[in-house]
Amino acid sequence: GAGVSQTPSNKVTEKGKYVELRCDPISGHTALYWYRQSLGQGPEFLIYFQGTGAADDSGLPNDRFFAVRPEGSVSTLKIQRTERGDSAVYLCASSFEGNTEAFFGQGTRLTVV
Amino acid sequence: GQNIDQPTEMTATEGAIVQINCTYQTSGFNGLFWYQQHAGEAPTFLSYNVLDGLEEKGRFSSFLSRSKGYSYLLLKELQMKDSASYLCAVNTNAGKSTFGDGTTLTVKP
């Protein structure tokens, strides 16, 4: 596609529920990143994929968070047993390589009530 | 740990020049990004400095000193549309970048 696409744009869920956030990167980009951003703060790194594999998942806060990219294109961020503290904008980005200009999607605003 | 500092807010006048500073202390360094983020929108790439010195790109320039752990973004001929948050980010390890909390720039007429 023309840019990085994230769905849904907004998600409201109840505490304890499971959610999936989808990211469709720019075609041909091998690197894909997930960040989350809270109001007034910069994006916080979660995980980085190079192709199908997670090259660096050191930013995932705990084992409730998991991400996959099975075919090296679309990625899904999965959050189990959501907590109110998980509320944030989840940003996905992609790039040709791991340390070049990243193109961000519009994000998914997750609200846990 | 990783530490990236930038001023929280700055105000400047339309047509003027403004310099946004960023200092960093990180465990790794591959390069330094600057991104622009308008309220409610995604960050957009402005520059990436790997080597020391000044890189100019139109009205925007970015400077890096690796020995001092310091960078700045220089915006010339400010326009109202430049009102946004400016994010400094250090690429610390392959695909991992650590972001500062951003500097909110307000341009006044």
Side-chain angles (χ1 to χ4, degrees), chain A residues 2-7 9-10 23-26 29-60 67 69 72 75 88-109, chain B residues 1-9 20 22-24 26-51 55 57 60 62 64 66 71 73 84-106:
Chain A
V4 178
S5 176
Q6 292 188 246
T7 54
S9 55
N10 279 283
C23 173
D24 209 329
I26 292 173
H29 281 188
T30 59
L32 183 146
Y33 321 80
W34 283 99
Y35 288 84
R36 70 177 175 182
Q37 187 173 27
S38 299
L39 193 63
Q41 297 182 9
E44 173 194 5
F45 172 83
L46 296 177
I47 187 169
Y48 154 59
F49 286 91
Q50 185 59 249
T52 60
D56 187 337
D57 65 357
S58 61
L60 294 177
R69 195 185 184 198
S75 176
V89 176
Y90 287 79
L91 294 167
C92 177
S94 69
S95 66
F96 281 113
E97 295 175 349
N99 59 349
T100 58
E101 172 186 356
F103 295 82
F104 282 82
Q106 291 298 310
T108 294
R109 181 175 298 278
Chain B
Q2 319 287 29
N3 193 39
I4 298 178
D5 287 318
Q6 44 182 138
T8 304
E9 295 180 335
I20 302 174
C22 172
T23 58
Y24 62 90
T26 58
S27 56
F29 183 87
N30 291 327
L32 188 144
F33 290 99
W34 283 97
Y35 284 87
Q36 180 190 61
Q37 186 175 28
H38 284 98
E41 297 185 9
T44 55
F45 172 84
L46 292 177
S47 66
Y48 184 50
N49 292 65
V50 175
L51 301 176
E55 292 197 7
K57 191 185 295 185
F60 292 10
S62 56
L64 175 67
R66 289 171 295 171
S71 173
L73 180 69
S85 179
Y86 291 85
L87 298 162
C88 170
V90 173
N91 184 257
T92 55
N93 181 29
K96 181 175 182 177
S97 289
T98 301
F99 281 77
D101 284 337
T103 298
T104 300
L105 173 66
T106 302

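Letters A, B, ... are given to chains in the order of the sequence lines, protein chains preceding strands, and every chain is numbered from 1.
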(message) Which atoms of Ala93(A) are under 4.5 Å from chain B, going by heavy atoms: the side chain, the backbone, both sets, or neither?
(response)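 Neither part; nothing is under 4.5 Å.
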
(message) Restricting to salt bridge (charged side-chain N to carboxylate O under 4.0 Å, His left out), what partner residues turn up for Arg66(B), sequence neighbours left out?
(response)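 Arg66(B) satisfies salt bridge (charged side-chain N to carboxylate O under 4.0 Å, His left out) with Asp52(B) once adjacent residues are dropped.
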
(request) Go through Ser85(B), Cys88(B), Gly40(B), Pro43(B) and name the one with the most non-hydrogen pairs under 4.5 angstrom from chain A. (result)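 Among Ser85(B), Cys88(B), Gly40(B), Pro43(B), the one with the most close pairs to chain A is Pro43(B).
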
(message) Between Gln37(B) and chain A, with a heavy-atom cut-off of 4.5 Å, which part of the residue counts as in contact: side chain, backbone, both or neither?
(response)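 Looking at Gln37(B), just its side chain touches chain A.
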
(request) Please work out whether the ring planes of Phe99(B) and Tyr35(B) are parallel, tilted or perpendicular, with thresholds of 30° and 60°. (result)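 Tilted: the ring planes of Phe99(B) and Tyr35(B) meet at 30° to 60°.
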
(message) Quick test of your reading: applying salt bridge (charged side-chain N to carboxylate O under 4.0 Å, His left out), list the pairs with at least one residue in residues 42-54 of chain A, sequence neighbours left out, ordered by first then second residue.
(response)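 As it turns out, the salt bridge (charged side-chain N to carboxylate O under 4.0 Å, His left out) pairs with a partner in residues 42-54 of chain A, which skip direct neighbours, are Arg36(A)-Glu44(A).
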
(message) Contact between Ser97(B) and Tyr35(A) at the side-chain level, heavy atoms closer than 4.5 Å - yes or no?
(response)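 Yes, at least one pair of side-chain atoms sits under 4.5 Å.
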
